[in-house]
Amino acid sequence: MKTDYNQQKSLPPELYDEDYFLSACEGFDEFKLTHGSQLSPRLQKSLEYANIEPGMKVLDIGCGRGEIVSACSKLGAYTYGIDYAPAAVNISRISDESNNQVSLADAKRLPFPQHYFDRVLMLDVVEHLFPWELEMTFQQVFRVLKHDGLMIIHTAPNAWYDLYAYPFVRLFRIIVGQGHLYPANPRALNVSVNIDVHVNEQSALSMWLNLRKSGFHSKVWLDSPGLNRNESLLLSIIRKFLFGSPPFRWFFQREVFAVARRKAMP
């Protein structure tokens, strides 16, 4: 039975106000300290995977504050940013010193022609899209991406961490007297607003399956860039083992990255 997308719900854009982008959205510390000229380790790593070259056409879906749009422009790309939250578009236009184009638009209905972009970036967006929205968005990316183009994805947290690893992490922290920092709901860890806006967290496996279903060849992996902790030697050894050894790393690594390419047309 065909899904009637018109009857499906979406998160209201009002949830993403200026306060969200400046105090909760990934990279806000670096943005406020450097006015957007420095990216967080996760965003910087994602941009490196894109291998952007001068003259490329790049689309940043869910551009947020606009620092990725500016960074791509500095690499010589013709960059477009879209977001469905008016607050994001306002912040991007104020902070962007280049001539990039930032506009209010829906990722499920991209206002661009077929095969237009060399790169499409979706950084910390997937987890905010309901499954039906993600399917439509991937269909749109498939349409606007050139045959040799790439889509770069970062999403967090790894859903398997929340489901399987976090209960053990929280129990350990409770035992060592740090339980107050680890709420029962893992979505409230560090940023409580994620309880309301994280509606579709992914594991590496589910991310790969979603991309395959939408017609992409992809490489999907887990990582934790910028993870610098002041901890005991014993805890550091335990963390290195859990983060580096399969199958444990499939559950304890919290960041999901993907590079996806359109499948060749028959």
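Just so you know, these numbers use all the heavy atoms, side chains as well, and skip hydrogens, waters and symmetry mates.
Proximity of Tyr161 to Val169: side-chain heavy atoms (C-beta onward) are separated by under 4.5 Å at one or more points. Under the 4.5 Å side-chain criterion, counting only non-hydrogen atoms from C-beta, Asp17 is in contact with Tyr20. Using a 4.5 Å heavy-atom cutoff, the side chains of Met122 and Leu129 are in contact. When side chains are defined from C-beta on, Pro186 does not count as touching Arg170, because their heavy atoms never get closer than 4.5 Å. Using a 4.5 Å cut-off on side-chain heavy atoms (C-beta onward), Val102 and Cys63 make contact. Taking 4.5 Å as the limit, every side-chain heavy atom of Tyr80 sits out of range of all side-chain heavy atoms of Cys72. Side-chain atoms of Gln139 and Glu135, non-hydrogen and from C-beta on, do get closer than 4.5 Å to each other. Contact annotation: the side chain of Leu211 approaches that of Ile153 to within less than 4.5 Å [non-hydrogen atoms, C-beta and beyond].
Among pairs with a residue in residues 120-129, those fulfilling side chain to side chain donor-acceptor pair (under 3.5 Å) read Tyr16-His128, Asp124-His154, Glu127-Thr155, at least two apart in sequence or across chains.
Residue Lys32 qualifies as enclosed at atom NZ: its count of foreign heavy atoms under 6.0 Å is above 12. Residue Arg143 places its CZ atom among more than 12 non-hydrogen atoms of other residues, nucleotides or ligands, all under 6.0 Å distant.
Both the sub-6.0 Å distance and the 45° axial angle are satisfied by Arg239 relative to the ring of Phe243. For the pair Arg65 and Phe21, the cation-pi test (distance below 6.0 Å, angle within 45°) is failed.
Closest approach of Arg93 and Ser103 over heavy atoms only: NH2-CA, 3.8 Å. When all heavy atoms of Val141 and Met151 are compared, the pair lying nearest together is CG1-SD, 3.5 Å. When all heavy atoms of Leu222 and Arg249 are compared, the closest pair comes out as O-NH2, 3.2 Å. Of all the heavy atoms in Glu30 and Gln38, the pair that sits closest is CB-O, 3.4 Å. Closest approach of Glu133 to Ser10, counting heavy atoms only: OE2-OG, 2.7 Å.
Applying the under-4.5 Å side-chain rule to Ile, Leu, Val, Met, Phe, Trp and Tyr, the cluster around Ile68 extends to Leu39, Leu43, Leu47, Tyr49, Ile52, Met56, Val58, Leu75, Leu121, Leu123, Leu150, Ile152, Trp221, Phe257, Val259. Taking Ile, Leu, Val, Met, Phe, Trp and Tyr as hydrophobic and joining them when side-chain heavy atoms fall under 4.5 Å apart, one finds Leu33 isolated, its cluster having no other members.
Shown here are the salt bridge (charged side-chain N to carboxylate O under 4.0 Å, His left out) partners of Arg187, two or more places apart in sequence or in another chain: Glu201. By the side-chain contact (heavy atoms from CB on, under 4.5 Å) test, Leu104 pairs with Pro86, Val89, sequence neighbours left out. Lys45 is linked by a salt bridge (charged side-chain N to carboxylate O under 4.0 Å, His left out) to Glu48, counting only residues two or more places apart in sequence or in another chain. Ser236 meets the side-chain contact (heavy atoms from CB on, under 4.5 Å) test with Glu231; sequence neighbours excluded. For Gln202, the side-chain hydrogen bond (donor to acceptor under 3.5 Å, both in side chains) criterion is met by Asn200, Ser206, Asn210, not counting sequence neighbours. In this structure, the ring-ring contact (aromatic ring centres under 6.0 Å, His included) partners of Phe251, at least two apart in sequence or on a different chain, are Trp160, Tyr164. In this structure Asp118 satisfies the salt bridge (charged side-chain N to carboxylate O under 4.0 Å, His left out) test together with Lys146, sequence neighbours excluded. Lys57 is linked by a salt bridge (charged side-chain N to carboxylate O under 4.0 Å, His left out) to nothing, counting only residues two or more places apart in sequence or in another chain. The ring-ring contact (aromatic ring centres under 6.0 Å, His included) check on Phe252 picks up nothing, with sequence neighbours excluded.
Ring orientation note: the planes of Phe216 and Phe142 are nearly perpendicular, at an angle over 60° on the 30°/60° scale.
Tyr182 and Ile174 fall into different hydrophobic clusters, where Ile, Leu, Val, Met, Phe, Trp and Tyr are joined by side-chain heavy atoms under 4.5 Å apart, directly or via other members. Hydrophobic clustering, with ILVMFWY side chains joined whenever heavy atoms are under 4.5 angstrom apart, groups Leu15 together with Val199.
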The test is side-chain contact (heavy atoms from CB on, under 4.5 Å); show your working for Leu22 and Phe31 and say whether it passes. CA-CA 8 Å; Leu22 299 181; Phe31 180 83; 3.8 Å; yes

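Between the Trp132 side chain and the Lys9 main chain, a donor and an acceptor come within less than 3.5 Å of each other.
Of the options Leu205, Val220, Val126, a side-chain contact (heavy atoms from CB on, under 4.5 Å) to Val256 is made by Val220 and by none of the others.
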